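Below you'll find the structure, written out as structure tokens, and then a few comments.
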Amino acid sequence: MSIKIFLKPGKEKSLNRFHLWVFSGAIQYKEGNPEDGDVVEVLTSDKKFIARGHYQNGSIMVRILTFKDEPINIEFWVRRLTEAVALRKAIGLLGDKNTNVFRVFHGEGDHCPGLVIDNYNNTLVVQTHSIGMLRQVGEIAEALKKVWGKSLVGIFTKGDQTLKQKENTGDLKKVLFGEVGETGVMENGHKFKVDILEGQKTGFFIDQRDNRFLLEKYSKGKNVMNLFGYTGGFSVYALGGGASEVHTIDVSAKAVEQANANIALNNYKGKHEGITADAFEFFKQLPLDYDIMVLDPPAFAKHQGALANAREAYRRLNKLAFDTIKPGGIIFTFSCSQVITKDIFRTAVFSAAAQSGRTVRILHQLTQPADHPVNLFHPETEYLKGLVLYVE
Ligand code: SAH
């Protein structure tokens with residue numbers, strides 16, 4: 001017997017508009033004792049089928065997978081993945097000679113909460129953010145083999161660390177197919193080595209591809225600071241664009257080591273130095289002499305409760321940049337916290353600029369690339385915000 005979740009009267013409205021989360025407050029009663037990760041049916045108060053999704057006790061209780069009355073099986077995943085691949089083909093990423101690293105599946109942006117899949121030169125990394133997805137990863141891998149076909153090299157899965165306590169899964173990392181290790185990839189013609197097994201997220205910050213490309217255009221002859229540089233994504237592009245000198249700063253010594261290796265791999269002319277340091281401390285090493293600064297911190301706010309502190313951290317960081325950048329300098333500043341909206345971020349940057357007394361103009365307003373599509377019905381899918389600023 002299938003497990004059923006009945007909504008309170010009127011609470012089907014957001015689902016009628018294809019939003020993908022059912023909050024605990026919307027639920028009237030449950031039939032059949034659901035456990036975390038179960039596939040459940042969602043019904044209106046007058047008992048009409050409305051959607052099917054993954055149950056998980058918490059503030060988001062059901063993550064919707066489909067609004068059709070269809071089973072969630074390998075065929076379902078084949079259809080979903082085929083649609084996702086079609087989008088990547090439509091935007092020209094699949095088969096691009098210069099780029100073989102991109103996101104294949106972007107959670108709610110591809111209509112399935114909790115599932116992220118990234119492609120690293122035909123090694124696919126499946127990251128699960130819900131218990132339902134974690135449990136289904138075997139079926140998803142089978143479907144991926146069918147959809148990706150002969151060029152598939154390997155499939156690796158990484159569960160979100162927060163799932164570990166809940167599900168008692170032991171190791172969340174597993175090779176599901178083929179051989180998986182350090183992988184060489186190409187992005188817009190630049191070469192990178194990606195540590196899929198141990199790296200952050202699925203190994204690389206794929207969502208900054210278009211923004212790194214823009215930095216490349218501005219870098220000729222410049223001194224560039226890449227703060228929170230991780231494995232040197234922005235740094236490689238800056239040197240490729242002819243920067244005279246680039247500094248990659250990250251608190252992780254391992255990331256800095258990998259950044260150095262990525263720079264060496266590309267063999268561009270300008271100078272590079274990798275520096276292991278805390279970003280806020282680094283600003284104390286005055287005088288700083290940068291024409292361009294890239295500020296790409298980790299999400300300062302991971303949930304609503306952390307919003308006020310995060311806003312303050314963005315203000316403080318950007319103030320340090322405004323206080324020290326050369327006249328006529330350019331700042332690329334980002335926030336990847338989903339709860340920090342475009343307006344909140346812009347206000348934090350505005351406060352920082354006002355306090356520093358510099359005259360600042362916005363050159364570009366940046367966001368995530370097309371392989372991280374925003375689901376119009378689920379605005380929470382829009383998370384990456386960036387401003388490119390000209391500082392007089
Ligand atoms: N710009 C990078 C991604 C940055 S991710 C890219 O394009 O690939 C954020 C990075 O900030 C991580 O590598 C993390 O190690 C680093 N980090 C976190 N806190 C930090 C701090 N206080 N000072 C410096 N780096 C920090």
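Start at 1 and go down the list; that is how both ligands and their atoms are numbered. Remember, it's a predicted structure, so these values are computed and weren't measured experimentally.
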Please tell me whether Phe76 and Met133 are part of a single hydrophobic cluster in this structure, the criterion being side-chain heavy atoms less than 4.5 Å apart.
yes
Mind checking whether Tyr290 and Phe282 have parallel, tilted or perpendicular rings, split at 30° and 60°?
tilted
Judging by distance only, is a nitrogen or oxygen of [X] under 3.5 angstrom from one on ligand 1?
X: Asn226; value: no
X: Asp296; value: yes
X: Gln200; value: yes

Closest protein heavy atom (residue, atom, distance) for [atom]:
atom: atom 6 (C) of ligand 1; answer: Arg212 NH1, 3.5 Å
atom: atom 5 (S) of ligand 1; answer: Phe205 CZ, 3.4 Å
atom: atom 4 (C) of ligand 1; answer: Phe228 O, 3.2 Å
atom: atom 18 (C) of ligand 1; answer: Pro298 CG, 3.5 Å
atom: atom 13 (O) of ligand 1; answer: Asp250 OD2, 2.7 Å

Numbering as shown, the atoms of ligand 1 that approach [X] to under 4.0 Å (heavy-atom distance):
X: Ala279; answer: 21 (C), 23 (N), 24 (C)
X: Asp278; answer: 21 (C), 22 (N), 23 (N)
X: Phe234; answer: 1 (N), 7 (O)
X: Ala277; answer: 23 (N), 24 (C)

Got a salt bridge between [X] and [Y], using NZ or NE/NH1/NH2 to carboxylate O under 4.0 Å?
X: Asp207; Y: Arg103; result: no
X: Arg88; Y: Asp371; result: no
X: Arg80; Y: Asp110; result: no
X: Arg212; Y: Glu187; result: yes

Begin with the C-alpha distance, continue with both residues' side-chain angles, and end with the deciding distance and a verdict on ring pair (Phe, Tyr, Trp, His ring centres under 6.0 Å) for Tyr237 and His190.
CA-CA 7 Å; Tyr237 277 70; His190 303 289; 4.2 Å; yes
Who's closest to atom 25 (N) of ligand 1 heavy-atom-wise, of Ile249, Asn211, Leu215, Val251?
Val251
Lys11 NZ: over 12 foreign heavy atoms closer than 6.0 Å
no
With a cutoff of 4.0 Å, is Glu281 in contact with ligand 1, counting heavy atoms of the residue only?
no
Donor-acceptor contacts, no H, no angles, side chain residues 89-98, under 3.5 Å, sequence neighbours left out:
residue	atom	partner	partner atom	Å
Asp96	OD1	Asn98	N	2.7
Asp96	OD1	Thr99	N	3.4

Examine the side chains of Thr381 and Glu108 and answer whether a donor and an acceptor come within less than 3.5 Å of each other.
no
For ligand 1, the portion of Ala255 having any non-hydrogen atom under 4.0 Å away
neither
